[in-house]
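Please read these numbers as outputs of a predicted model, since none were measured by experiment.
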Amino acid sequence: MHREFGLPLDGFLHTHCPDAYRGTRPGESEAAFVDRLAADLEALIMAEGPDTIAAFIAEPINAGGGIVVPPKGYFAAIEAVLRRHDILVLGDEVVCGFGRTGNWFGCQTVGMKPDMVALAKGITSSYFPMSAVLLGRPIRDALSEMNKGGELFGHGLTNSGHPVGAAIALETLNIYHEMDVVPHVRRMGSRLRAGLEQIARDSRIVGQVRGEGLMIGVELVADPATRQAFDPALKVGAMFDALAIENGLIIRAMGDTIGFCPPLIIDEAGVDEALDLFGRTLFSAEAKLAEKRPSA
C-alpha cells in the first residue's frame, strides 16, 4: 500500500503499535508495556515539539494491521499524554463503527475518547458510498466562532449531503435497531471466538486468537511456545487464503494473521459452517507446511 500510494507522506509521525503479543519484552506485563508506550509517545512529542503536532490518529482496534486489540488501559494512558500537550485525538471508526466490535462504536469497546470520529462502511452497510465526520462540541464551537460573521466554512465535497446516501444511511440505522444488532454481534462473536479457540488448541501453528465482536484475528506462527513467526518467504497467509478459497471459505490474510469479519447478520449455522471450513483449512495448511520442513 505504501508503494501504490506514494507513502509514507512527510509530516506524519508514527508511534509504536499497541500489539502486546509482538511488542512486550521478556518478563514485561501488559501494564508495563502500556506505560512504556505512553512514555515513548511523550518522548516523541517532546522531540518534535508539542506546538507542531495537531492530532493523534488511531483506529480503536487496528483492523488492516492484523486485528490488533490494544491492551487494557492503553487509550487512557495515551490520551493522558495527549491532553497534557493539548493534542487532539481522532478516532478512525470506518471499520469498527456500527456494531462490528460488539458495541455501537469501537471507541466504546476500548475506552477511547476521541475529539473527532471518521465514519463510513457501516453507516450505509456499504449499499451506498458515504462517509461522515463527527465533531466534539469544543471543535464545533471553535468553527462557529471562526465563522460568526456569516462566512462559509470552506470545506466540502461534490457529493456532500447526497440525499440518496442520507436516506440509505437513515434506513440502515433503523434496521440496525430493529435487528438489535449489538447484542446479536456479541452472541455471534462469542460463538465464533470460542470455536476458533477450540480449534486452536488442537493446532501446532496458531499463536493467538484475538479480537472483539465479529472482528477476530488468528495469528499463525512457526512456534506458538516462543511466538516465532514463519519465514516470510513461505507466504503462509497467502497459502492459507488459497486453501480457504478451495474449501469455500472467504477470509482475509494480513501477513500471517487470518482475519474474520463476517456480515453482522450471520447466524449460528453460518458461524458453525465457517468454523468447520476454517478447521479443515488450518489442518490442510499444517500438512503442507510439514512437507516443506527439512527432514531431521
> Does anything in residues 72-95 pair up under ring pair (Phe, Tyr, Trp, His ring centres under 6.0 Å), and if so which pairs, sequence neighbours excluded?
Replying inline: none
>> With rounding to the nearest 0.5 angstrom, report the CG to OG1 distance, Asp223 to Thr226.
In response: 3.5 Å
> Of all residues at least two apart in sequence or in a different chain, which pass the side chain to side chain contact (heavy atoms under 4.5 Å, CB included) check with Pro129?
Replying inline: none
Can you give me every donor-acceptor pair (side chain of residues 227-235, partner residue at least two apart or in another chain, under 3.5 Å) with its distance?
{"residue": "Arg227", "atom": "NH1", "partner": "Tyr21", "partner atom": "O", "Å": "2.8"}
{"residue": "Asp231", "atom": "OD1", "partner": "Ala233", "partner atom": "N", "Å": "2.9"}

> Measuring from Met254:CE to Arg252:CZ, what's the distance to the nearest 0.5 Å?
Replying inline: 5.5 Å
>> According to a hydrophobic-cluster definition based on side-chain heavy atoms being under 4.5 Å apart (Ile, Leu, Val, Met, Phe, Trp, Tyr only), do Leu37 and Val68 belong together?
In response: no
> So does Lys148 pair up with Glu145, basic N to acidic O under 4.0 Å?
Replying inline: yes
> Got a second to check how far Ile67's CD1 is from Asn62's CG, nearest 0.5 Å?
Replying inline: 9.5 Å
> Would you call Glu93 and Lys121 a salt bridge, taking side-chain N to carboxylate O under 4.0 Å as the test?
Replying inline: no
>> One thing to verify: whether Glu197 and Arg193 come together as a salt bridge, which I'm taking to mean a side-chain N less than 4.0 angstrom from a carboxylate O.
In response: yes
> Is the shortest heavy-atom distance from the side chain of Arg36 to the side chain of Arg25 under 4.5 Å?
Replying inline: yes
> How is the hydrophobic cluster of Leu170 composed, in terms of its other members, when Ile, Leu, Val, Met, Phe, Trp and Tyr link through side-chain heavy atoms under 4.5 Å apart, directly or indirectly?
Replying inline: none
> Any Lys/Arg nitrogen of Glu219 or Arg22 sitting under 4.0 Å from an Asp/Glu carboxylate oxygen of the other?
Replying inline: yes
> With sequence neighbours left out, what residues match His177 under ring pair (Phe, Tyr, Trp, His ring centres under 6.0 Å)?
Replying inline: Trp104
Cut-off 3.5 Å, no hydrogens considered: what does the side-chain donor-acceptor table look like for residues 49-61, sequence neighbours left out?
{"residue": "Thr52", "atom": "OG1", "partner": "Glu48", "partner atom": "O", "Å": "3.4"}
{"residue": "Thr52", "atom": "OG1", "partner": "Gly49", "partner atom": "O", "Å": "2.7"}
{"residue": "Glu59", "atom": "OE1", "partner": "Ala63", "partner atom": "N", "Å": "3.0"}

Would you be so kind as to tabulate the donor-acceptor pairs closer than 3.5 Å made by side chains of residues 260-267, with sequence neighbours excluded?
{"residue": "Asp267", "atom": "OD1", "partner": "Ala269", "partner atom": "N", "Å": "3.3"}
{"residue": "Asp267", "atom": "OD1", "partner": "Gly270", "partner atom": "N", "Å": "2.8"}

> With Ala20, which residues qualify under side chain to side chain contact (heavy atoms under 4.5 Å, CB included), at least two apart?
Replying inline: Thr24, Glu30, Phe33, Pro71
> Sequence neighbours excluded, which residues qualify as side chain to side chain contact (heavy atoms under 4.5 Å, CB included) partners of Ser29?
Replying inline: Ala31, Ala32
With a 3.5 Å cut-off and sequence neighbours excluded, list the donor-acceptor pairs that the side chains of residues 278-286 form with protein atoms.
{"residue": "Arg280", "atom": "NE", "partner": "Asp276", "partner atom": "OD2", "Å": "3.2"}
{"residue": "Arg280", "atom": "NH2", "partner": "Asp276", "partner atom": "OD2", "Å": "2.7"}
{"residue": "Thr281", "atom": "OG1", "partner": "Asn247", "partner atom": "ND2", "Å": "2.8"}
{"residue": "Thr281", "atom": "OG1", "partner": "Leu277", "partner atom": "O", "Å": "2.8"}
{"residue": "Ser284", "atom": "OG", "partner": "Arg280", "partner atom": "O", "Å": "3.0"}
{"residue": "Glu286", "atom": "OE2", "partner": "Ser203", "partner atom": "OG", "Å": "2.5"}
{"residue": "Glu286", "atom": "OE2", "partner": "Arg204", "partner atom": "N", "Å": "2.9"}

> With side chains defined as the heavy atoms from C-beta onward, is the minimum distance between Leu249 and Leu243 less than 4.5 Å?
Replying inline: no
> Could you give the distance from CE (Met112) to SG (Cys96), rounded to the nearest 0.5 Å?
Replying inline: 9.5 Å
> Has Glu28 got more than 12 heavy atoms of other residues, nucleotides or ligands less than 6.0 Å from its CD?
Replying inline: yes
>> So, taking the atom named CE in Met188 and the one named CZ in Arg191, what distance separates them when rounded to the nearest 0.5 Å?
In response: 6.5 Å
> Would you call Ile139 and Leu88 a side-chain contact if the rule is heavy atoms closer than 4.5 Å?
Replying inline: yes
>> Suppose we screen for salt bridge (charged side-chain N to carboxylate O under 4.0 Å, His left out). Which residues come up paired with Asp115, at least two apart in sequence or across chains?
In response: Arg83
>> Are Ser131 and Leu119 packed together at the side-chain level, in the sense that at least one heavy-atom pair is separated by less than 4.5 angstrom?
In response: no
> In the hydrophobic clustering (ILVMFWY, side-chain contacts below 4.5 Å, transitive), which residues join Ile245, or is it alone?
Replying inline: Ile250
